[in-house]
Amino acid sequence: MADDDSELGQTRPASPPAARIVRPYALTAGRTRPVVDLPMEATLRLDTSATRRAWGEDLQGRIIGVCDLRSVAEVSALVRTPLGVTRVLLGDLVQQGYVHVQATLTENSTDDERFDLLERTLRGLRAL
């Protein structure tokens, strides 16, 4: 009996909370493609209207918090979300006017511009 009492008085260590798994399609309402073309190396800029709005702690708010002057791939890594999900949600923000996309390369881009993009990409990968 004494053993039972001592066991009741002891506190068990709390187990870590169970991981919550959310399927990517639940975050994008089933969409798999962004409404605008978003290459993963495209640089993003926040519109001034995005800074005036109060964003919540949801995924869209976290994306807004980190996307200014970063690439689509960097944003995806920073918010720890699959690239496809990030692209869909960023596409929504672009369509709503909160985020602007700066084109990285076009068909008329020079070899120097292409080389510069490769160098920046390598620097970014090395920094990870």
Side-chain angles (χ1 to χ4, degrees):
M1 197 63 113
D3 289 336
D4 290 339
D5 291 340
S6 64
E7 286 180 18
L8 291 176
Q10 293 178 350
T11 58
R12 293 184 182 175
S15 60
R20 290 188 285 179
I21 298 174
V22 177
R23 299 283 181 207
Y25 58 80
L27 299 171
T28 63
R31 297 171 295 150
T32 58
R33 299 191 191 283
V35 292
V36 295
D37 183 36
L38 285 174
M40 65 184 214
E41 74 277 1
T43 303
L44 305 166
R45 294 289 313 224
L46 273 181
D47 189 77
T48 54
S49 63
T51 59
R52 291 190 299 252
R53 179 177 169 198
W55 296 92
E57 294 296 320
D58 63 347
L59 185 53
Q60 219 175 28
R62 290 185 1 237
I63 288 172
I64 287 289
V66 300
C67 77
D68 197 30
L69 296 176
R70 292 208 166 101
S71 71
V72 174
E74 288 174 302
V75 171
S76 178
L78 289 169
V79 297
R80 297 176 185 215
T81 306
L83 183 60
V85 171
T86 304
R87 289 172 81 182
V88 169
L89 297 177
L90 276 169
D92 294 345
L93 293 168
V94 169
Q95 188 179 37
Q96 295 165 3
Y98 293 119
V99 175
H100 301 285
V101 180
Q102 294 179 337
T104 51
L105 294 177
T106 64
E107 292 178 12
N108 300 328
S109 296
T110 66
D111 287 342
D112 288 338
E113 291 171 322
R114 294 173 191 277
F115 186 72
D116 182 53
L117 175 62
L118 288 172
E119 283 183 332
R120 285 184 292 146
T121 303
L122 285 173
R123 277 196 308 269
L125 289 171
R126 287 182 185 124
L128 294 175

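What you see is a predicted model, and the numbers here were worked out from it, not measured in a lab. Here, residue 1 is the first one in the sequence, and each next residue gets the next number.
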Val101 reachable from Val88 in the ILVMFWY side-chain graph, under 4.5 Å edges:
no
To the nearest 0.5 Å, tell me how far Leu78 CG sits from Arg62 CZ.
10.5 Å
Given Val36, Val35, Leu38, the one that forms side-chain contact (heavy atoms from CB on, under 4.5 Å) with Leu90:
Leu38
Partners meeting side-chain contact (heavy atoms from CB on, under 4.5 Å) with Arg80 (sequence neighbours left out)
none
Compare every heavy atom of [Y] with every heavy atom of [X], then report the nearest pair and how far apart it is.
{"X": "Val85", "Y": "Thr81", "result": "CG1-CG2, 3.4 Å"}
{"X": "Gly97", "Y": "Ser49", "result": "O-OG, 4.0 Å"}
{"X": "Pro34", "Y": "Gly91", "result": "CB-CA, 4.4 Å"}

Ring pair (Phe, Tyr, Trp, His ring centres under 6.0 Å) pairs, two or more places apart, involving [range]:
{"range": "residues 57-78", "result": "none"}
{"range": "residues 36-68", "result": "Trp55-Tyr98"}
{"range": "residues 62-81", "result": "none"}
{"range": "residues 72-91", "result": "none"}

Can you list every salt bridge (charged side-chain N to carboxylate O under 4.0 Å, His left out) pair that touches [range], not counting sequence neighbours?
{"range": "residues 97-119", "answer": "Asp116-Arg120"}
{"range": "residues 47-59", "answer": "none"}
{"range": "residues 81-96", "answer": "Arg31-Asp92"}

Answer yes or no: is there a side-chain heavy-atom contact under 4.5 Å between Leu44 and His100?
no
Would you be so kind as to tabulate the donor-acceptor pairs closer than 3.5 Å made by side chains of residues 63-71, with sequence neighbours excluded?
{"from": "Asp68", "atom 1": "OD1", "to": "Leu46", "atom 2": "N", "distance (Å)": "2.9"}
{"from": "Arg70", "atom 1": "NH1", "to": "Val66", "atom 2": "O", "distance (Å)": "2.9"}
{"from": "Ser71", "atom 1": "OG", "to": "Glu74", "atom 2": "N", "distance (Å)": "3.1"}
{"from": "Ser71", "atom 1": "OG", "to": "Glu74", "atom 2": "OE1", "distance (Å)": "3.3"}

Donor-acceptor under 3.5 Å (Thr86 side chain, Pro82 main chain)
yes
